[in-house]
**Student:** 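Here it is: the structure, laid out below.
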Amino acid sequence: MNRLKVNLPGLELRNPIMPASGCFGFGEEYAEFYDFSKLGAIMAKSATLNERVGNSLPRVAETPNGILNAIGLKNPGLEVILAEKYPFLAQFDVPIIANVAGSSEEEYVAVCSRIAEAPNVKAIELNISCPNVKEGGVAFGTDPEVAARLTRICKEVTNLPIYVKLSPNVTDIVAIAKAVEAAGADAISMINTFTGMAINVKSRKPVLGNITGGLSGPGIKPIALRMVYQVSRAVDIPIIGIGGVATVDDALEMIMAGATAVAVGTANFVDPYACPKIIDGLEPRMDELGIESIQALIDEVRENRFK
Amino acid sequence: MNRLKVNLPGLELRNPIMPASGCFGFGEEYAEFYDFSKLGAIMAKSATLNERVGNSLPRVAETPNGILNAIGLKNPGLEVILAEKYPFLAQFDVPIIANVAGSSEEEYVAVCSRIAEAPNVKAIELNISCPNVKEGGVAFGTDPEVAARLTRICKEVTNLPIYVKLSPNVTDIVAIAKAVEAAGADAISMINTFTGMAINVKSRKPVLGNITGGLSGPGIKPIALRMVYQVSRAVDIPIIGIGGVATVDDALEMIMAGATAVAVGTANFVDPYACPKIIDGLEPRMDELGIESIQALIDEVRENRFK
Amino acid sequence: MQVELLEIVSNKEIAHNIYEMVLKGEMVSSMNRSGQFLHLRMNDPNLLLRRPISIASIDEDTCTLLYRIVGKGTKDMSRYQVGDFVDTLGPLGNGFHFDFLSEEDQVCVIGGGIGVAPLYELGKELVANGNHVTFILGFANQDDIYYYEQFQELGKVILCTDDGSAGLQGHVGVALDQVDPTAVFACGPTPLLRLVQSSYSHLEHVYLSLEERMACGIGACYGCDTKKKDKRTCKDGPVFQRKEVVL
Amino acid sequence: MQVELLEIVSNKEIAHNIYEMVLKGEMVSSMNRSGQFLHLRMNDPNLLLRRPISIASIDEDTCTLLYRIVGKGTKDMSRYQVGDFVDTLGPLGNGFHFDFLSEEDQVCVIGGGIGVAPLYELGKELVANGNHVTFILGFANQDDIYYYEQFQELGKVILCTDDGSAGLQGHVGVALDQVDPTAVFACGPTPLLRLVQSSYSHLEHVYLSLEERMACGIGACYGCDTKKKDKRTCKDGPVFQRKEVVL
Ligand SMILES: Cc1cc2nc3c(=O)[nH]c(=O)nc-3n(C[C@H](O)[C@H](O)[C@H](O)COP(=O)(O)OP(=O)(O)OC[C@H]3O[C@@H](n4cnc5c(N)ncnc54)[C@H](O)[C@@H]3O)c2cc1C
Ligand SMILES: Cc1cc2nc3c(=O)[nH]c(=O)nc-3n(C[C@H](O)[C@H](O)[C@H](O)COP(=O)(O)OP(=O)(O)OC[C@H]3O[C@@H](n4cnc5c(N)ncnc54)[C@H](O)[C@@H]3O)c2cc1C
Ligand SMILES: Cc1cc2nc3c(=O)[nH]c(=O)nc-3n(C[C@H](O)[C@H](O)[C@H](O)COP(=O)(O)O)c2cc1C
Ligand SMILES: Cc1cc2nc3c(=O)[nH]c(=O)nc-3n(C[C@H](O)[C@H](O)[C@H](O)COP(=O)(O)O)c2cc1C
Ligand code: FES
Ligand code: FES
């Protein structure tokens with residue numbers, strides 16, 4: 001029996017661990033470190049219809065046990081991604097979750113409708129929560145109706161399952177989750193980054209060229225966990241837990257909060273082997289904690305969640 | 001010239017540093033460590049009309065560079081506070097900012113109307129943002145209209161200036177800030193804690209008796225800074241910056257983001273001398289950075305803020 | 001109550017995952033009662049909360065802590081080197097009191113696991129006070145036993161292990177009928193404290209040392225209330241008379 | 001490109017706030033070009049981002065880094081002890097290339113402040129390649145100068161200090177007219193790079209080593225684009241031909 005196996009709509013994963021979007025590019029660079037057939041899945045960098053050159057510099061800053069980024073969805077655009085990026089990943093035995101972003105409904109629809117051209121892409125993650133682009137991005141993720149509408153129209157143009165990636169910068173994340181579930185979302189991935197900033201006290205100016213950026217890393221894990229916990233009690237679709245996961249225990253904590261799978265972002269920068277190390281550490285730790293299988297743990301959490 | 005002097009409505013502060021509400025009790029314990037006449041002001045623990053015994057245990061948990069707390073506004077109730085707690089603080093030459101909480105508008109009004117009985121209390125901080133109590137608390141802090149209404153009716157029953165303490169658990173903190181400013185708030189203090197949680201992977205249960213708690217400490221500083229920055233650009237009333245401040249540079253960063261004064265919470269637990277150490281470190285650091293006075297820095301930030 | 005950098009004189013494993021740390025500094029001169037604790041700041045800057053650790057022994061110019069590795073903080077502590085300094089807040093809390101005891105009174109001191117630690121200093125003080133002390137000490141198994149010889153120098157020691165690998169088999173309850181004390185002092189896991197609380201309901205002088213998660217450690221944050229929510233473990237405790245607490 | 005724990009052979013201050021750290025490990029054998037850098041994980045667990053530091057010298061089985069304390073990370077590094085291990089990702093980036101040079105070609109190597117560091121290994125390689133090298137090195141003042149003797153062993157060194165406390169007074173610009181090189185390599189603060197970029201617009205072979213804040217360090221996150229936003233400093237650089245970049 002594979003004790004680590006979990007299922008997401010459209011995907012069978014050999015384990016619940018995958019790199020988070022934007023923290024792994026399209027894999028080319030990390031492929032020099034390990035074989036991706038080790039991973040549960042890969043969440044690719046956000047794709048937009050046309051190339052995006054990204055925000056002004058600097059784009060990253062360090063904060064206490066966290067980092068701020070304002071990359072600005074830099075990516076080579078759908079054509080190049082379809083022609084080169086997803087195909088590169090096809091050499092590995094691992095399902096790809098394509099991440100789609102846009103600044104208008106039309107752009108999301110245009111990208112979603114073509115993603116299935118890449119046969120190794122098994123699901124779409126709809127990034128409605130990027131805090132680092134002026135138009136669109138997070139705006140789609142802060143209003144339940146807008147988020148639901150976007151989900152619905154994207155569902156219409158693709159047969160791939162759609163996972164909606166939620167923004168934590170909201171008063172009521174449960175309302176957004178319920179709205180996208182009702183609109184047909186097949187799963188939820190959460191969370192994207194918190195809007196934050198850092199100031200250089202010497203120059204008295206913001207560190208980031210974009211002034212604000214998205215906060216990620218272990219410091220935000222408690223908020224991510226709380227949101228996963230709340231949403232998992234309110235929706236029936238599975239959740240990919242994201243936010244500050246750096247260790248085996250962090251990953252298990254996410255699952256205990258209600259996630260079915262776990263994505264690792266910032267930790268890849270700290271240690272390029274972050275994902276395989278967590279994967280290797282799961283079974284020994286499960287033995288210590290008396291966890292038979294990840295699926296059994298998920299079932300146990302689901303059963304207890306209305307108590 | 002006192003280079004550290006700043007003003008808040010109703011208060012002259014010898015320096016911009018004060019302990020944050022709930023992280024200093026009513027001062028009795030910290031009085032064994034240093035003379036409070038060193039401090040800019042003291043933000044007292046939240047006062048409610050009647051005694052509150054607090055949440056179930058455990059009430060604190062540690063997270064990466066942060067802590068979670070779910071104290072549950074434990075306090076002995078207004079009578080005892082007026083009879084014993086504020087009077088204890090009257091021996092020190094330091095202005096007190098009383099913090100008022102409640103689970104109904106009536107309770108806030110009842111407490112606010114009597115606070116002025118303590119002559120050393122120079123302002124009221126309206127806690128509309130406590131995430132750790134079931135009724136009220138944060139509910140008042142997430143809806144601009146509710147927050148504005150509460151501010152207005154509290155203003156009516158007291159001559160003391162009212163500072164409204166904002167919750168960061170909202171989509172649009174600027175909207176709340178503008179609403180309370182329009183309703184007559186004299187200042188804004190921000191931010192209270194983020195709702196978060198931690199799970200004990202051995203027991204598979206939440207660490208806190210209350211399940212969720214408020215996240216504070218350096219890990220959240222980038223989000224606090226961003227919010228202070230945004231609000232300071234949208235309102236004219238002064239801001240007391242709170243969230244993750246532990247060092248002199250953190251305090252200066254808050255002021256550079258737009259705050260007029262700075263409150264220190266969690267850092268008091270790490271080091272009981274956190275506030276006096278920051279105060280002592282301000283002038284040497286200002287010399288290094290070429291900052292003539294805190295007021296000059298505040299003015300500079302205000303001038304640049306619409307650029 | 002003060003903050004001081006105490007110097008590490010020694011720090012070594014003395015039983016399975018149990019460490020003994022000897023600290024030196026001026027603060028030692030203000031330690032005058034067993035049952036109090038120190039609130040230690042960790043080296044790892046991510047660990048914001050101080051860790052409460054009981055004073056296990058107060059000597060000429062040093063004090064001794066005994067701690068078990070259970071998580072990140074105690075793991076961090078186990079790595080501190082001789083000559084390093086530990087940022088220490090203390091001495092804190094209201095320790096063990098026994099002014100009510102007359103010389104020659106029979107006293108029973110009951111401890112389990114790492115809860116045995118503060119009872120060593122208590123034992124020394126009781127012996128100095130002229131009391132006859134029986135120690136009932138429970139451990140998981142032989143590998144977990146520490147300070148057995150030290151306790152034997154102070155009085156009668158009844159040793160129990162859960163698996164019977166040393167002393168009596170079973171928890172401390174199996175030995176309670178061997179003593180008929182005037183006063184009982186206990187520290188250990190909650191089931192042990194509950195047993196002591198209920199077994200000696202006829203006695204006035206039964207004192208229990210409790211644990212609770214703490215932030216400030218000095219009584220200011222209300223983080224560490226006891227279950228009845230009327231007392232703070234850090235300042236009003238950690239030692240309580242049996243009727244004061246619900247377990 | 002790999003991750004390895006490199007052992008610290010030495011770590012000491014060699015000029016005001018400038019440290020030299022010598023590291024040992026297998027990775028050294030894969031270092032074969034000046035201008036590359038190592039991405040070092042810090043000991044302080046709060047500092048999540050690795051720090052990019054140029055390889056200043058590649059020797060038999062060690063490599064040398066030269067770094068200036070400017071913030072928390074470099075302060076952290078200055079405390080590492082001989083025998084400690086540094087979690088190192090590297091060697092990274094596209095270093096200095098000079099296959100176009102013929103023996104006897106005149107080369108000018110220009111550095112300012114801590115930017116002088118990677119130029120030492122470059123100098124060694126150029127000399128081994130048979131080139132004549134003139135180094136123009138700028139420092140703030142006498143106390144900041146490091147590796148002066150080492151550079152003198154490699155070729156002519158023109159020293160400049162902002163305050164004139166050693167060598168010529170002024171920034172490196174005051175010395176440019178003393179040389180007429182075939183190729184120029186430069187590393188240092190942006191104003192220095194701008195000066196080099198504009199002063200040698202008639203030359204094809206002008207290479208500039210840039211700095212930018214980095215997250216991954218390997219080309220995956222797009223954190224470190226150059227200003228033109230068409231190249232990543234970490235992977236496509238840090239060394240660029242003068243026309244490739246806007247400063
Ligand atoms: C008054 C008092 C005296 C104590 N004396 C001793 C002693 O002499 N020797 C000893 O080994 N242990 C003692 N403890 C328990 C000790 O404080 C914990 O084992 C220690 O804090 C665990 O820290 P950690 O980081 O290793 O564990 P983690 O589980 O990683 O700690 C996470 C958080 O929970 C807190 N925590 C975890 N367990 C406890 C606990 N049992 N009590 C209080 N807080 C806890 C930690 O302080 C920390 O804030 C005492 C506790 C109290 C309250
Ligand atoms: C390719 C490359 C090679 C370098 N080689 C050297 C060298 O050989 N010797 C040396 O002393 N310095 C070198 N630097 C600069 C060095 O990386 C920074 O001085 C260092 O990261 C500062 O870290 P800190 O924590 O002390 O400063 P802080 O200002 O506290 O750092 C905060 C954050 O900003 C980043 N940062 C700050 N300054 C720089 C900078 N100039 N470049 C890139 N990131 C920065 C840090 O990495 C960190 O993420 C190089 C930079 C690059 C990009
Ligand atoms: C440098 C960087 C770039 C990111 N880019 C994207 C992106 O393109 N699309 C997206 O949906 N999320 C992006 N994210 C968000 C992450 O996928 C993840 O949701 C977030 O970082 C929280 O997880 P972490 O704390 O593990 O990093 C990015 C995060 C970082 C740090
Ligand atoms: C243990 C604890 C208790 C708190 N109690 C209160 C309270 O009673 N009223 C209140 O307005 N804020 C309370 N707060 C919030 C703090 O005043 C402050 O807003 C928050 O902790 C963020 O600042 P920090 O990161 O410096 O701690 C409490 C925070 C902590 C950690
Ligand atoms: S830990 Fe703060 S009151 Fe006890
Ligand atoms: S640092 Fe990630 S692309 Fe250069």
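Chain letters run A, B, ... following the sequence lines, proteins first, then strands; residues in each count from 1.
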**Student:** Does any backbone or side-chain atom of B/Phe24 lie under 4.5 Å from a heavy atom of chain C? Answer side chain, backbone, both or neither.
**Tutor:**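 Contact with chain C is through the backbone of B/Phe24 alone.
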**Student:** Do C/Arg213 and B/Val207 touch side chain to side chain, with heavy atoms closer than 4.5 Å?
**Tutor:** yes
**Student:** Nearest 0.5 Å, what's the CD-CE distance between B/Glu29 and C/Met1?
**Tutor:**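 Those atoms lie 7.5 Å apart.
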**Student:** If you draw a 6.0 Å radius around NZ in C/Lys24, do more than 12 non-hydrogen atoms from other residues or ligands fall strictly inside?
**Tutor:**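 No, because the 6.0 Å sphere around NZ of C/Lys24 holds 12 heavy atoms or fewer from other groups.
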**Student:** Below 4.5 Å from any heavy atom of chain C, which atoms of B/Phe26 appear? Answer side chain, backbone, both or neither.
**Tutor:** neither
**Student:** For B/Asn268, is it the side chain, the backbone, both, or neither that has a heavy atom closer than 4.5 Å to a heavy atom of chain C?
**Tutor:**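 For B/Asn268, there is no contact with chain C at all, as no heavy atom is under 4.5 Å.
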**Student:** Using only atom types and a distance under 3.5 Å, with no angle test, would you say the side chain of B/Lys74 pairs donor to acceptor with the backbone of C/Lys229?
**Tutor:**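 Such a contact is found between B/Lys74 side chain and C/Lys229 backbone.
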**Student:** Evaluate whether atom NE2 of C/His16 has more than 12 neighbouring non-hydrogen atoms of other residues, nucleotides or ligands under 6.0 angstrom away.
**Tutor:**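 Counting other residues, nucleotides and ligands, NE2 of C/His16 stays at 12 neighbours or fewer.
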**Student:** Rounded to the nearest 0.5 Å, how far does CG of B/Asn65 lie from CG of C/Asn46?
**Tutor:** 5.0 Å
**Student:** Who among C/His39, C/Met42, C/Arg51, C/Lys227 has the most heavy-atom pairs with chain B under 4.5 Å?
**Tutor:** C/Arg51
**Student:** If you compare all heavy atoms of C/Gly223 against all heavy atoms of B/Val60, which two are closest, and at what distance to 0.1 Å?
**Tutor:** CA-CG1, 4.3 Å
**Student:** From C/Lys72 NZ over to B/Glu62 CD, what is the distance, rounded to the nearest 0.5 angstrom?
**Tutor:** 7.5 Å
**Student:** Please tell me if the side chains of C/Tyr222 and B/Leu73 come closer than 4.5 Å, counting only heavy atoms from C-beta onward.
**Tutor:** no
**Student:** Go through the atoms of B/Thr63 and report whether side chain, backbone, both or neither lie under 4.5 Å from a heavy atom of chain C.
**Tutor:** backbone
**Student:** Within this structure, what is the CD1-CG distance for the pair B/Ile67 and C/Leu47, rounded to the nearest 0.5 Å?
**Tutor:** 12.5 Å
**Student:** Determine whether B/Phe269 and C/Leu48 make a side-chain contact, defined as any pair of heavy atoms from C-beta on separated by less than 4.5 Å.
**Tutor:**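 Heavy-atom side-chain distance check fails, nothing below 4.5 Å.
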**Student:** Using a 6.0 Å cut-off, check whether atom NZ of B/Lys202 has over 12 heavy atoms from anything other than its own residue.
**Tutor:**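 Result for NZ/B/Lys202: open.
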**Student:** In Å and rounded to the nearest 0.5 Å, what is the OG to CG distance from B/Ser56 to C/Asp225?
**Tutor:**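 Going from OG on B/Ser56 over to CG on C/Asp225, the span is 11.0 Å.
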**Student:** Can you measure from CG (B/Leu57) to OG1 (C/Thr233) and round to the nearest 0.5 angstrom?
**Tutor:** 7.0 Å
**Student:** Taking the side chain from C/Arg50 and the backbone from B/Val270, do they hold a donor-acceptor pair closer than 3.5 Å?
**Tutor:** yes
**Student:** Which answer fits C/Lys235, side chain, backbone, both or neither, if we ask what part of it has an atom under 4.5 Å from a heavy atom of chain B?
**Tutor:** side chain
**Student:** Side-chain contact test, heavy atoms from C-beta onward, threshold under 4.5 Å: evaluate it for C/Leu89 versus B/Pro272 and give yes or no.
**Tutor:**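 Answer yes - side chains close enough.
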**Student:** Work out which heavy atom in B/Ile71 is nearest to a heavy atom in C/Cys221; give both atom names and the distance.
**Tutor:**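 Answer, listing the atom of B/Ile71 first, then C/Cys221: CD1-O, 3.3 Å.
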